[in-house]
Structure formats: C-alpha cells, structure tokens
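As the structure is a prediction and not an experimental result, all values here were calculated from the model. All ligand and atom numbering here is 1-based and tracks the order in the structure.
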Amino acid sequence: MGSDGGVTTGRSGRWPNPAEAPAAEDLARCVHCGLCLTACPTYLVTGLEAESPRGRIQLARLVEEGRAELTAAVQGHWSRCLQCRACEAACPSGVSYGRIQEHARAQVQAAPPSGRTWLWVRRFVLRQVVARPRVLAAAAAPARRFAGWRFRGAAERVLPGRLGALARQLPANQGAPFHGLRGRSGAAAGEPVQLFTGCVMRELFGEVHRATVRVLERAGARVEATDAQRCCGALHAHEGDLEFARRLAKANITAFERTEGAVVVNSAGCGAALKEYPQLLAGEPGWQERAAAFAARVKDLSEWLAGRGMLPAGRLAARVAYQDACHLAHVQGIRKEPRALLRALDGCELVETEGADTCCGAAGLYGVVEPGMSAELRRRKAAAFAAARPDAVVTANPGCHLQYLGAVREAGLRAEVLHLAEALDRAWAGGDGR
Ligand code: SF4
Ligand code: SF4
C-alpha cells in the first residue's frame with residue numbers, strides 16, 4: 001500500500017464477529033489492479049490509497065490474516081467509504097465490494113474501536129425511529145412543518161453549522177406525507193403494480209409518491225401499496241446491522257407475497273437493497289427461493305416504464321441535468337432508461353454535467369457521519385451545475401435530492417430539483433417544466 005493510513009500492523013488482528021465476517025473468497029478476488037481507483041470519490045478527493053477501494057479491501061485482508069488490528073484508523077477509512085459502489089462497476093474482477101464493506105462494518109458494530117456512543121445512537125435511530133412508521137412520522141412532522149414555514153429563511157440563518165446546512169436542504173414542495181392509496185379512486189383496470197413506499201420517502205417526499213402513482217396510472221398500471229410493507233433495510237445493512245436488515249427483508253418478502261405484479265420503486269437505494277435480498281438472506285434456511293422470487297419482481301420506476309410499449313407524449317421545456325443515483329447506475333446498471341424518458345419529452349434539452357455518475361456525498365447517513373467529505377462532494381456538484389446552468393436537476397433518490405437542493409443553492413442558481421417522477425408527471429400533464 002502507498003500509505004499505511006495510520007494502521008497498526010501486527011499478528012493480533014481477528015474478526016470480532018466471525019459469523020458476519022467478510023468472506024475470504026470475496027477478499028481474495030481483488031487482484032490489486034487499481035482500475036477502480038479513479039472511479040472512487042474519496043480517492044479522487046484525498047489521493048490516499050487507504051481511502052480507495054483497493055486500500056480498504058487490503059485493510060480487511062490484513063485484519064482477516066491477523067496482520068493488523070481493527071483500530072480506530074481502520075474504522076475511519078471504512079467509515080469514509082460512501083458505499084456508492086462505483087468501484088464495483090469499474091472492477092474487471094467482479095469484486096463484491098458492497099458486500100465486503102457491509103460485513104466489515106458488522107465487525108465495527110461488534111467491537112467498535114472508537115465512537116461507541118455515536119455508533120449506538122445511530123443503531124438506535126435506525127432501529128427504533130427509521131424502521132418504525134409511527135415513530136418516524138412523529139419525528140419527521142417538525143421537519144416537514146419547518147420546510148413549509150414562512151419564516152424558514154430567517155431561521156436558517158441563525159441555525160448553527162451542520163444543523164443549518166441540513167435545514168437548508170429540506171424540500172419545500174413535498175406537502176403531506178404519503179398515506180397510501182386507501183379511499184382513492186384510481187385506475188380500476190390495468191396491469192397490477194405494487195408501489196414500494198419506504199420510510200423517508202413516505203414521510204418527506206409525499207409529492208414524489210403521488211407523482212409516481214399518477215405516472216404509473218398514465219402508463220397503464222393499476223397501483224396498489226400494501227400497508228404491511230416495511231423500510232427496505234438498506235441503511236441498516238450499510239451500517240453493518242445485518243441482523244436487523246434481514247428481519248426487515250423477511251417482513252417485506254412476506255408482505256408482497258400476498259400481492260401481484262411488479263414491485264415498483266422510486267428510490268434507487270431502496271431498489272438496490274430489495275433486489276439484493278437473495279444475497280442478504282443467502283444463509284437463511286427456507287428463504288432463498290422466496291427472496292429470489294421477490295427480487296425478480298422489483299423494478300425501478302424508469303425500468304418499469306422503459307418496458308412499456310407506448311407511453312404518453314409530454315412536454316418539458318427546460319434544460320435538464322440528469323444526475324445518476326449511485327445505487328441506480330452502479331448497482332442496478334440503470335443509466336439509459338431515465339435519460340431516454342427525459343429525451344422523449346418535447347422541449348427537454350438534456351445536458352450532461354461533469355461527474356453526473358459520481359456520488360454527490362449524500363449516501364444515507366454519510367452527511368451526518370462524515371460532513372467534511374460530504375460537503376466537498378456537494379461543492380463539486382455545485383461547480384458542475386454552475387458550469388452547465390440547468391433549469392432543472394433531475395434525480396431518483398431521496399438523499400441525492402436533498403444534497404442537490406444544497407448544491408443548487410451553493411451554485412447560486414434558481415434551478416429546480418425534481419425527482420424523475422415529478423418531471424414526467426408535469427410533462428405528461430401538459431406542463432412546460434418551469
Ligand atoms: S463504494 Fe464508493 S467510496 Fe467506497 S470504495 Fe467504492 S468507489 Fe470508493
Ligand atoms: S478494480 Fe477490482 S480487482 Fe482491481 S484493485 Fe479495484 S477492487 Fe481490486
């Protein structure tokens with residue numbers, strides 16, 4: 001390695017939670033070619049080997065072989081990984097980097113070398129707030145009220161540091177949370193489609209869900225949204241809480257087994273997690289077939305629309321910068337479909353910005369855990385937007401959406417930030433995109 005990144009080497013290293021250890025065959029797959037390095041946002045910012053995919057895998061190997069201890073320095077290098085998985089898409093050897101990183105973090109959860117309280121707080125929030133719909137609804141209500149408050153601008157100016165930055169990123173146009181489809185007289189006929197509603201999406205992006213339902217119906221779907229579904233568990237798995245992520249996966253599989261049709265997702269992170277349930281439940285007796293059958297039904301919104309023969313015509317007179325969500329482009333391999341849907345709109349000028357498929361720095365809880373790196377990646381997006389001067393930035397993931405609201409402000413632009421569903425909904429309803 002070009003840098004030891006402050007790692008103590010020796011022969012005392014050992015995985016503290018062997019049942020969840022990174023698989024030796026996953027680690028052995030890396031041949032150190034370095035082809036992933038320039039795809040890695042943290043390597044691009046720091047230039048440090050220990051902040052690259054290859055370096056982080058090597059650290060895991062050293063710990064596995066007992067040649068390094070699981071120190072705070074090792075934890076720090078893993079913690080700064082965005083889990084964006086751009087490295088996986090660039091890797092010619094098929095290294096399952098995301099899986100390695102989740103299992104490495106499970107070791108940190110088992111024996112944190114530093115920041116025990118902070119880890120406990122994150123685990124508590126993810127289990128007891130994010131994954132519990134009623135608790136999350138109560139917690140999100142003040143944020144939603146603040147987003148629509150008329151004195152919001154003045155309040156933002158007096159809020160300190162990171163709190164002020166978070167407040168500035170809250171979406172102002174999302175209205176009420178999404179309460180499901182009961183009592184709604186939607187399309188009675190058409191192909192049955194299940195909407196995956198998620199956790200943060202449901203509470204803070206109600207309008208995106210309502211736009212998604214309208215778009216699906218215009219494309220010929222009969223939309224349903226089972227109340228039995230739960231949070232997808234992506235944030236829990238990324239944190240290394242694999243046991244809880246598996247509980248959520250089983251609950252979701254069971255809930256959707258009682259439904260029919262595709263499970264359509266409008267959040268890239270959730271979609272990637274749902275499609276990877278077979279991997280998450282690989283060691284669970286009796287769940288492989290059920291997980292595989294469920295995953296085969298999961299479709300990103302753009303993927304489902306691209307599979308339809310005829311779509312409504314629409315108009316969106318705007319210069320649009322589409323930004324790939326990492327878990328859509330790198331994990332699900334979906335890049336062409338959203339662009340094709342936008343290009344098909346009359347008046348839509350699609351502009352490609354530098355680093356459109358590089359992580360924006362949102363990455364789940366990353367903006368809270370690693371605010372410095374998150375801010376630097378947002379600043380780079382702001383510079384790309386300032387150069388391209390779009391009327392609208394379009395993306396398909398809630399975390400990215402919030403980060404782009406901040407980037408657009410940093411760029412000094414008046415551009416809107418829209419979910420792809422909102423852009424299509426507006427265009428298909430006859431709006432002109434402004
Ligand atoms: S997941 Fe992203 S940040 Fe992490 S090592 Fe891979 S490319 Fe770098
Ligand atoms: S591209 Fe793949 S094999 Fe090469 S260094 Fe990166 S992770 Fe290892």
Side-chain angles (χ1 to χ4, degrees), residues 1-3 5 7 22-65 73-108 234-235 237-240 268-269 272-273 276 279 323-333 335 355-381 397 399-400 403:
M1 291 169 61
S3 159
V7 178
E25 53 272 28
D26 280 351
L27 296 174
R29 215 173 244 278
C30 175
V31 296
H32 311 288
C33 65
L35 290 172
C36 54
L37 265 59
T38 53
C40 174
T42 56
Y43 179 80
L44 291 175
V45 170
T46 65
L48 295 173
E49 175 74 12
E51 298 292 345
S52 78
R54 182 174 65 183
R56 292 180 175 117
I57 292 169
Q58 182 64 4
L59 288 174
R61 264 188 181 165
L62 289 172
V63 176
E64 185 205 34
E65 292 166 6
V74 173
Q75 177 187 356
H77 294 310
W78 289 341
S79 170
R80 275 183 291 283
C81 169
L82 296 137
Q83 300 187 75
C84 68
R85 294 168 68 177
C87 48
E88 261 185 45
C91 175
S93 300
V95 171
S96 295
Y97 180 84
R99 188 161 61 198
I100 292 173
Q101 188 57 219
E102 286 177 359
H103 285 270
R105 289 181 186 214
Q107 306 308 310
V108 173
L235 293 175
H238 295 170
E239 188 73 3
E276 291 191 332
Q279 180 176 305
Q323 302 295 297
D324 297 275
C326 296
H327 286 231
L328 200 55
H330 307 316
V331 182
Q332 300 183 59
R335 295 165 182 268
D357 69 346
T358 302
C359 184
C360 62
L365 300 180
Y366 193 88
V368 178
V369 179
E370 299 287 345
M373 181 65 76
S374 177
E376 170 57 23
L377 294 169
R378 188 177 63 240
R379 190 195 63 72
R380 291 178 178 216
K381 288 284 183 184
N397 193 61
C400 313
Q403 189 82 329

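Less than 4.0 angstrom separates some heavy atom of R54 from each of these atoms of ligand 2: 5 (S). Atoms of ligand 2 lying under 4.0 Å from at least one heavy atom of S93, given by number and element, are 3 (S).
Applying the salt bridge (charged side-chain N to carboxylate O under 4.0 Å, His left out) rule to E102 yields no partners; only residues at least two apart in sequence or on another chain are considered. E88 pairs by the side-chain contact (heavy atoms from CB on, under 4.5 Å) definition with R85, Y97, not counting sequence neighbours. Scored by the side-chain contact (heavy atoms from CB on, under 4.5 Å) test, R379 finds E376, E410 as partners (sequence neighbours excluded).
Distance check, rounded to the nearest 0.5 Å: CZ of R54 to SG of C33 gives 7.5 Å. To the nearest 0.5 Å, atoms CG (D324) and SG (C359) are separated by 11.5 Å. For the atom pair L27 CG and R99 CZ, the distance stands at 10.5 Å (nearest 0.5 Å).
Protein heavy atom at the shortest distance from atom 8 (Fe) of ligand 2 is C30 SG, 2.4 Å. Of all protein heavy atoms, the one closest to atom 2 (Fe) of ligand 2 is C91 SG, 2.3 Å. Nearest to atom 5 (S) of ligand 2 among the protein's heavy atoms is G34 N, 3.2 Å. Looking from atom 6 (Fe) of ligand 2 to the surrounding protein, the closest heavy atom is C36 SG, 2.3 Å. Atom 3 (S) of ligand 2 has as its closest protein heavy atom V31 N, 3.3 Å.
Looking only at distances, a side-chain donor or acceptor of N397 sits under 3.5 Å from a matching main-chain atom of A268. Within the 3.5 Å criterion, the main-chain N or O of G98 finds no donor-acceptor partner in the side chain of Q83.
The closest heavy-atom contact to atom 1 (S) of ligand 2, among the options S52, G55, C33, comes from C33.
Ligand 2 is approached by P92 to a heavy-atom distance shorter than 4.0 Å.
The 12-atom threshold is not exceeded at CZ of R29, counting heavy atoms of other residues, nucleotides or ligands nearer than 6.0 Å.
Closer than 2.8 Å to atom 2 (Fe) of ligand 1 sit the protein N, O or S atoms C84 SG.
A side-chain N or O of Q323 and one of K381 form a donor-acceptor pair less than 3.5 Å apart.
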